[in-house]
Structure formats: C-alpha cells, structure tokens
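Everything below concerns the one structure shown next.
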Amino acid sequence: MQVKSRLKSPKLAIIGKGAIGGLIGFKCYQLGYDYQHLIKTPAQPLFKVTDIIGVSHSFTPNASVITKPNPFDLLILPVKAYQVLPVLEQLRHYIQPHHIIMLLHNGMGTIEQVRERLPNNPLIAATTSYGAFKPDANTLIETGLGHTHLGWLGDVDSALKQSIEPILSELLPPSHWHQDISLALWKKLAINGVINPLTAIHNLTNGELADLKFSARVSNICNEIAQVMKALNYPVSSEDLVVNVQQVITATANNYSSMHQDIKFKRQTEIDFINGYITSKAAELNIEVPHNQRLLEQIRQLE
Ligand code: KPL
C-alpha cells in the first residue's frame with residue numbers, strides 16, 4: 001500500500017545543479033513534478049534559464065543540502081563518472097534498497113561499481129545528447145535539443161516501470177527506452193572517445209574536428225572501438241561509428257567538449273571512463289588499441 005501510493009507521484013532527487021542536472025530540475029519545475037536538487041550549500045538564489053527558443057524563465061529551484069536530503073524515490077546522478085561513487089557514499093545513510101538510481105554521465109564503468117555497492121536497488125542507465133551551458137552558477141542556457149536513451153539494468157517490477165518511465169520520458173524528450181541499454185551506451189562512448197580527447201589535446205571546438213587532417217585519426221579510433229564492440233557481439237561497423245561521430249561534430253560544431261573544458265580549467269577529466277574503459281575492455285579481449293591507448297596517455301599527461 002505504502003509502496004503503491006509512493007509510486008503514484010515519485011519524488012525525484014537530482015544531484016547538483018550542473019548543466020544537465022539544472023536542465024532536468026527546470027523541466028521538473030515546468031512539468032510540476034516533485035523534485036529537489038541535492039546541493040552542497042544551503043543558499044538557493046534565483047535561477048535563470050534561457051530555453052531553446054530564447055525565452056527566459058526565472059525561478060527558485062527546490063533544493064536540499066546533500067547531507068540532509070528530503071525523502072526521495074528516484075535519485076538522478078547527472079554528474080561526472082568519477083563522482084558517482086563518492087556521491088553514493090555521501091548519501092549512504094539515506095539510500096534504501098527500494099530507491100531507484102539513475103546514472104546519466106559520459107563514459108562507462110560505473111554500472112559495475114554501483115551494482116557492487118547497491119546490489120538490490122533498481123538501476124537505470126541513460127545517455128542524452130541535450131546541450132546546456134552554464135555561464136555562471138545561476139544561469140543556464142539550453143543550447144541544443146537532443147535524444148535521450150534509457151534502460152533498466154536487471155529485472156524490475158512492471159508497476160515500478162509504469163510509474164517511472166512516463167516521468168523520465170517527459171524530462172529530456174524524445175526518450176527511447178531500451179531492453180538492453182548497453183549498445184546505446186557504447187555508441188555514445190565511441191562519440192566521446194573520439195571528440196573529447198582530440199578537442200582537449202588540440203584545443204579545438206568540436207566543429208574544428210571536421211577538418212580533413214583529422215579524418216584518418218577519427219577513422220582509426222573508431223575502427224579500434226568497433227573491433228572491441230564486435231568482440232562483445234554488438235552489431236556495429238567502424239563506418240557507422242564514424243558517421244555518428246561526424247553527425248555530433250556537425251550538430252555541436254560551436255561547442256567545446258566537456259573534456260576540453262576540464263583540461264582548460266584544470267579539472268579531473270572522465271578519460272578513465274572513456275578511452276580508459278575502451279582500453280581495459282580491449283585488454284580483456286586481447287585486442288590492440290594503440291590509438292585509444294595514446295589518447296589515454298596524452299590526456300593523463302595534460303591532467
Ligand atoms: O558529450 C559530449 C561532451 O562534450 O562531453 C559531446 C557529445 C562530445 C558534445 O560536446
């Protein structure tokens with residue numbers, strides 16, 4: 001009874017108020033969902049969001065301090081891959097086995113980590129191509145509409161799915177639910193595995209990678225990733241991955257990738273979860289991936 005009524009209007013908790021987290025909070029506010037941002041400091045000034053058609057909205061987002069969250073049913077983690085475990089650790093006294101955990105970040109490798117720590121929680125992995133930019137802490141600009149791919153990991157009660165999926169589908173639409181999300185995560189990994197390190201190493205916008213001088217490198221990196229994916233039985237070709245990368249290069253031509261920004265502002269990058277993940281899977285499968293290995297080393301040197 002208690003579970004049923006809770007599922008009717010699930011309470012969402014969003015970690016932080018980064019670009020994608022801020023955008024999700026804004027959508028929750030617009031759609032009237034019960035949500036809170038879990039943030040480090042209690043101060044909550046007015047948040048100004050400029051949506052994709054250029055309309056400005058000002059509101060004060062619901063927020064709680066992460067060390068004292070209000071009750072929640074679904075915890076969304078739009079954070080860097082390396083922040084996932086520390087955040088879960090910080091919330092360990094509040095996370096119960098029925099809480100749904102949703103991962104939403106670049107790179108792969110955290111699902112295994114979360115499963116080890118929280119073996120029984122319903123878990124969702126998602127990836128989105130929405131674009132948002134925060135020129136300062138309290139301003140958010142929606143820079144691109146995208147697609148969102150989501151999938152449950154493991155068996156989940158159908159009542160739970162029915163209550164959660166419509167809500168998440170509305171946040172960053174169009175949303176595509178997958179029986180097996182891993183192919184979508186690998187395809188996104190391939191995009192990040194090319195664009196992120198190359199833009200960071202050469203100090204370029206995403207669009208500058210369209211220059212012909214990068215085409216051989218893009219192909220070589222994709223070719224290695226496709227070999228690993230094929231060995232894992234994913235139906236993919238190197239050409240498919242190159243086409244996907246080129247589409248993102250064109251669609252986000254004026255953007256700087258997240259890794260470019262991390263290197264520029266001397267922050268930790270997600271390289272271990274991107275090319276690091278690719279090289280470690282390749283090693284398990286005895287596949288040589290020298291181009292990915294080199295990107296990994298170059299970014300580690302820059303960090
Ligand atoms: O996800 C991205 C990132 O910057 O991390 C891409 C797709 C490369 C867009 O910039």
Handout entry: Donor-acceptor pair, side chain of Q36 and main chain of N70, under 3.5 angstrom
Key = yes
Practice task
Report yes if the side chains of L123 and L103 come closer than 4.5 Å at any heavy-atom pair, otherwise no.
Solution key: yes
Practice task
State the CD-CG distance between Q246 and L241, to the nearest 0.5 angstrom.
Solution key: 11.0 Å
Handout entry: K48 side chain near S56 side chain, heavy-atom distance below 4.5 Å
Key = yes
Problem - Separation of S9 OG from I167 CD1 (nearest 0.5 Å) - result: 8.0 Å
Problem - Sidechain-backbone polar pair: D180 side chain, S182 backbone, donor-acceptor under 3.5 Å - result: yes
Fill in the blank from the handout: Shortest non-hydrogen pair, Y130 vs L23, comes out as CD2-CD2, 3.8 Å
Problem - Close side-chain approach of T50 to L140, heavy-atom, < 4.5 Å - result: no
Problem - L77 and H105, any side-chain heavy atoms less than 4.5 Å apart - result: no
Practice task
State whether the number of non-hydrogen atoms from other residues, nucleotides or ligands found under 6.0 Å of Q96 atom CD is greater than 12.
Solution key: yes
Problem - Inter-residue atom distance Q83.CD - Q268.CD, 0.5 Å rounding - result: 8.0 Å
Practice task
Flag yes if M108 and V87 sit in one hydrophobic cluster, no otherwise; membership is Ile, Leu, Val, Met, Phe, Trp, Tyr, and two members link when side-chain heavy atoms are under 4.5 Å apart.
Solution key: yes
Practice task
Evaluate the side chain to side chain contact (heavy atoms under 4.5 Å, CB included) criterion for residues D272 and Y82: first the C-alpha distance (whole Å), next the side-chain angles of each, then the deciding distance (0.1 Å), finally the verdict.
Solution key: CA-CA 9 Å; D272 289 344; Y82 55 80; over 6 Å; no
Exercise for the section: Find out if a path of hydrophobic residues (ILVMFWY) with successive side-chain heavy-atom gaps under 4.5 Å connects I201 to V218. Expected result: yes
Exercise for the section: Would you check if the side chain of T279 reaches a backbone N or O of G276 as a donor-acceptor pair within less than 3.5 Å? Expected result: yes
Problem - Path from L232 to L153 over hydrophobic side-chain contacts below 4.5 Å - result: yes
Practice task
Let me see the working for F214 and H202 under ring pair (Phe, Tyr, Trp, His ring centres under 6.0 Å), right down to the final yes or no.
Solution key: CA-CA 11 Å; F214 290 105; H202 299 284; 5.4 Å; yes
Fill in the blank from the handout: Here the pair of heavy atoms bringing I287 nearest to V228 is CD1-CA, 3.9 Å
Exercise for the section: Report yes if some heavy atom in the side chain of P135 is under 4.5 Å from a heavy atom in the side chain of F133; otherwise report no. Expected result: yes
Practice task
For side chain to side chain contact (heavy atoms under 4.5 Å, CB included), just list the numbers for T148 and T127, CA-CA rounded to whole Å, side-chain angles, deciding distance to a tenth of an Å, and then say yes or no.
Solution key: CA-CA 6 Å; T148 305; T127 175; over 6 Å; no
Exercise for the section: Return yes if some donor-acceptor pair links the side-chain N/O of E270 with the main-chain N/O of G107 below 3.5 Å, else return no. Expected result: no
Problem - Pair K281 + E284: basic N to acidic O under 4.0 Å - result: yes
Problem - Separation between CG of L183 and NZ of K188, rounded to the nearest 0.5 Å - result: 14.5 Å
Problem - Polar side-chain atom of N223 near backbone of S219 as donor-acceptor pair, under 3.5 Å - result: no
Practice task
Anything under 30° is parallel, anything over 60° is perpendicular, the rest tilted; go ahead and classify F59 against Y29.
Solution key: parallel
Practice task
Please answer whether the main-chain N or O of N121 pairs with a side-chain N or O of R115 as donor and acceptor at a distance below 3.5 Å.
Solution key: yes
Exercise for the section: Considering non-hydrogen atoms only, spot the tightest contact between L171 and L31 and give its length. Expected result: CD2-CD1, 4.2 Å
Exercise for the section: Give the intermediate values and the outcome of side chain to side chain contact (heavy atoms under 4.5 Å, CB included) for residues L75 and I95. Expected result: CA-CA 9 Å; L75 184 65; I95 298 178; 3.9 Å; yes
Handout entry: Short side-chain to backbone donor-acceptor contact, D240 and S237, under 3.5 Å
Key = yes
Practice task
Ignoring hydrogens and angles, state whether a donor on the side chain of S175 or S169 is under 3.5 Å from an acceptor on the partner side chain.
Solution key: no
Exercise for the section: Can you see which heavy atom on P197 is nearest to which on I271, and at what distance? Expected result: CB-CD1, 4.4 Å
Handout entry: Stepwise side chain to side chain contact (heavy atoms under 4.5 Å, CB included) test for I225 and H291
Key = CA-CA 10 Å; I225 301 173; H291 294 279; over 6 Å; no
Problem - Candidate pair H99 and D73, rule side chain to side chain donor-acceptor pair (under 3.5 Å), full reasoning - result: CA-CA 5 Å; H99 285 151; D73 302 298; 5.4 Å; no
Practice task
Check whether V194 and F273 end up in the same hydrophobic cluster, where Ile, Leu, Val, Met, Phe, Trp and Tyr are linked by side-chain heavy atoms less than 4.5 Å apart.
Solution key: no
Problem - Side-chain touch Q261/S258, heavy atoms, less than 4.5 angstrom - result: no
Handout entry: Over 12 non-hydrogen atoms of neighbours within 6.0 angstrom of CG in D136
Key = yes
Problem - Under 3.5 Å side-chain donor-acceptor pair for H260 and N203 - result: yes
Problem - cation_pi(K11, Y35) dist<6.0 Å, angle<=45 - result: no
Exercise for the section: Find the distance between CZ (R300) and CG (L302) and round it off to the nearest 0.5 Å. Expected result: 12.5 Å
Exercise for the section: Report yes or no: does E303 contribute a side-chain atom to a donor-acceptor pair with the main-chain N or O of T269 at less than 3.5 Å? Expected result: yes
Exercise for the section: Applying side chain to side chain donor-acceptor pair (under 3.5 Å), run through W152 and E165 and close with a yes or a no. Expected result: CA-CA 10 Å; W152 297 89; E165 290 184 6; 2.7 Å; yes
Exercise for the section: Give the C-alpha distance, both sets of side-chain angles, the deciding distance and a yes or no for side chain to side chain donor-acceptor pair (under 3.5 Å) between Q301 and E297. Expected result: CA-CA 6 Å; Q301 260 173 21; E297 283 157 18; over 6 Å; no
Practice task
Heavy atoms only: give me the nearest A126-M102 pair and the separation to one decimal.
Solution key: CB-CE, 3.9 Å
Fill in the blank from the handout: So CD of Q298 and CG of N275: to nearest 0.5 Å the spacing works out to 10.0 Å
Exercise for the section: Please step through salt bridge (Lys or Arg N to Asp or Glu O under 4.0 Å) for the pair E89 and R117, ending with a clear verdict. Expected result: CA-CA 9 Å; E89 176 61 20; R117 176 150 311 211; 2.6 Å; yes
Problem - Aromatic plane relationship, Y234 with W186 - under 30° parallel, 30 to 60° tilted, over 60° perpendicular - result: tilted
Practice task
Could you tell me whether E208 and K213 make a salt bridge, using a distance below 4.0 angstrom between a side-chain N and a carboxylate O?
Solution key: no
Exercise for the section: Quick one: sort the H149 and H147 rings into parallel, tilted or perpendicular, breaks at 30° and 60°. Expected result: parallel
Practice task
Report the C-alpha distance between S257 and T199 in whole Å, list the side-chain angles of each, state the deciding distance to 0.1 Å, and finish with yes or no for side chain to side chain donor-acceptor pair (under 3.5 Å).
Solution key: CA-CA 7 Å; S257 76; T199 52; 2.7 Å; yes
Practice task
Side-chain contact test, heavy atoms from C-beta onward, threshold under 4.5 Å: evaluate it for N292 versus I221 and give yes or no.
Solution key: yes
Practice task
Report whether L145 and L104 are members of the same hydrophobic cluster (ILVMFWY, side-chain heavy atoms less than 4.5 Å apart, transitive linking).
Solution key: yes
Problem - Heavy-atom check, side chain of L168 versus side chain of W177, under 4.5 Å - result: yes
Practice task
For E142 and I52, indicate whether the former's side chain and the latter's backbone hold a donor-acceptor pair under 3.5 Å.
Solution key: yes
Problem - Electrostatic pair D262-K80, nearest N-O below 4.0 angstrom - result: yes
Fill in the blank from the handout: S238 and C222 have their tightest heavy-atom pair at OG-C, 3.9 Å
Problem - Donor-acceptor under 3.5 Å (T110 side chain, Q113 main chain) - result: no
